[in-house]
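For reference, the structure is listed below as structure tokens.
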Amino acid sequence: MRVAMIGSGYVGLVSGACFADFGHTVVCIDKDPSKIERLNRGEIPIFEPGLDDLVQTNVRDGRLSFTQDGAEAIRTADAVFIAVGTPSRRGDGHADLSYVHAAAEEIAGLIQDFTVVVTKSTVPVGTGDEVEAIIRRVNPGADFAVVSNPEFLREGAAIGDFKRPDRVVVGVNETGDDTAERARIVMSELYRPLNLNESPLLFTSRRTSELIKYAANAFLAMKITFINEMADLCEAVGADVQQVARGIGLDKRIGAKFLHAGPGYGGSCFPKDTIALVRTAQQYGAPTRLIETTVEVNDARKQAMAGRVEKTLGTSVKGKTVALLGLTFKPNTDDMRDAPSLDIAPALIAAGARVQAFDPEGMHEAARLLEGVEMKDSAYDAVEGADAVVIVTEWDRFRALDLDRVKLLMNQPVLVDLRNIYRPEDMQRRGFKYSGIGRG
Ligand code: NAD
């Protein structure tokens, strides 16, 4: 199959590289010239484990290429994927669909033979109808189908998720002729290599598929927020949230995943997708009050985290040096979008602290977003002279710190562990004033 992938970011690049690895011929398109130049030089513009090798192999074997001008690739493609960003629209929290609409306009004039136009971007219910209307307006004679195929990969584990997904959702609308069936055949052929791994292809209507993506993210965001509230309750009553999480997670109806208490969810998806779903639901007169509350509780939590530093210190942070370990929204990515550090660092600075930080992959982007934070070259450089260290992101290398060295380097041994990667009793034995999340 011939695939054109519009948008070569976290989703487009991973999806494109994986489809190429399945044996399809893929052209990844991006309007950002620096991204395409870097890709054509053999550099990967994002940090994603394993992507480097996957891209290199498939480029070498002639199945994967990159371009800024996708006209030829779109003209000859069996499937054109839209994998552009759908950020929150400024002011109202609805998904900003301007990039999706622009991509649809570009595709429309180029369609020749039967083409399946696939929205892989996370888009609100009804966006497929809009994409279809745009294409029909620009190119009334075009032979095409618009299909929804939301992506569920997680940054940091993206390749494994794409190649061994729990499910692949494909939303196709019946049109009264054979268009839907032809679209299903193309989509089945694209994902055929997955059958070896028994990942089910779930065919639904387009609106249902669009909603499945938001419902999945909202449910996971709610699960995280639930355990975060339980953590606060654990602190109040003297219980341990990790044992609570284990105790409930062993129940198969609940499941152990997404039950790690922390500083509140962040990242490029949950914050914008929960609020976009809330807005869609309000627009259709069917408000989702659980999700509205989840959004509120999570926002408040992220803002409250700086206060935990003062609570552990037992005094104001004014004039104190605070070291942040980890800045990205989770480990194994360089993605800083809506990371909790973007709330924590400014709150500490506003309270009068001097903030220094280290992150293994996110510092380039973090330096742009976090004014007034001094970026350091290593975790040990960051903790030097600090009155408190805050573990913000649970990178593996922070789990194995030489704590004696950390203690010697610090001004005073105070550690605020927002990811519960250390044990309170160990830390106390080592002479740290320590606080975790939800541990009595
Ligand atoms: P991203 O910002 O990393 O990538 C989007 C890319 O699209 C950018 O490189 C941009 O330059 C390019 N682009 C925009 N308009 C274009 C156009 N008209 N032609 C060519 N290129 C264009 O975004 P992302 O994280 O890959 O997310 C893409 C979509 O996938 C979003 O809807 C997101 O919600 C969804 N999603 C993301 C993840 C994730 O973990 N990042 C997971 C699942 C779903």
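Quick caveat: nothing in here was measured; it's all calculated off a predicted structure. Counting starts at 1 for both ligands and their atoms, following the listed order.
- Nearest-residue assignment for atom 39 (C) of ligand 1 (options Arg337, Lys31, Glu155; heavy-atom criterion): Glu155.
- Among protein heavy atoms, the minimum distance from atom 35 (C) of ligand 1 is reached at Thr122 OG1, 3.4 Å.
- Ligand 1 lies nowhere less than 4.0 angstrom from a heavy atom belonging to Arg154.
- Ligand 1 has no N or O atom lying under 3.5 Å from any N or O atom of Ile6, backbone or side chain.
- For Phe19 and Phe162, the ring centers are positioned less than 6.0 Å apart.
- When non-hydrogen atoms are compared, ligand 1 lies under 4.0 Å from the side chain of Cys269 (C-beta onward) but not from its backbone.
- Of the options Asp30, Leu97, Ile46, the smallest heavy-atom separation from atom 6 (C) of ligand 1 is shown by Asp30.
- If you check which protein heavy atom lies closest to atom 30 (O) of ligand 1, you get Val11 CG2, 3.5 Å.
- For ligand 1, the atoms lying closer than 4.0 Å to a non-hydrogen atom of Thr86 are 31 (C), 32 (O), 34 (O).
- Residue Tyr10 has at least one nitrogen or oxygen atom sitting less than 3.5 Å from a nitrogen or oxygen atom of ligand 1, judged on distance alone.
- Residue Lys35 has at least one N or O atom closer than 3.5 Å to an N or O atom of ligand 1.
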Query - Candidate pair Thr67 and Asp69, rule side-chain hydrogen bond (donor to acceptor under 3.5 Å, both in side chains), full reasoning - result: CA-CA 5 Å; Thr67 182; Asp69 176 8; 5.8 Å; no

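- A 6.0 Å sphere centred on CZ of Phe152 holds more than 12 heavy atoms belonging to other residues, nucleotides or ligands.
- Counting heavy atoms from C-beta on, the side chains of Ile134 and His101 come closer than 4.5 Å.
- Against a heavy-atom cut-off of under 4.0 Å, Glu106 is close to the following atoms of ligand 1: 18 (N), 19 (N).
- Heavy atoms of Ala102 come nearer than 4.0 angstrom to ligand 1 in no pair at all.
- For ligand 1, the atoms sitting less than 4.0 Å from at least one non-hydrogen atom of Lys272 are 33 (C), 34 (O), numbered in the order shown with element in parentheses.
- Ligand-side atoms of ligand 1 in range of Glu151: 43 (C), 44 (C), range being under 4.0 angstrom from any heavy atom.
- Between Val3 and Leu190 the shortest side-chain heavy-atom distance falls below 4.5 Å.
- Judged purely by atom type and a 3.5 angstrom limit, Thr127 uses its side chain to pair as donor or acceptor with the backbone of Pro124.
- Protein heavy atom in closest approach to atom 5 (C) of ligand 1: Gly85 N, 3.7 Å.
- Using a 4.5 Å cut-off on side-chain heavy atoms (C-beta onward), Lys302 and Tyr265 make no contact.
- Per-residue contacts place Lys213 under 4.0 angstrom from the following atoms of ligand 1 (heavy atoms of the residue considered): 43 (C).
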**Report entry** Criterion side-chain hydrogen bond (donor to acceptor under 3.5 Å, both in side chains) on Gln282 and Arg279, from CA distance to verdict
**Finding:** CA-CA 5 Å; Gln282 287 168 346; Arg279 292 290 175 260; 3.0 Å; yes

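- In this structure, Glu151 contributes its side chain and Leu153 its backbone to a donor-acceptor pair below 3.5 Å.
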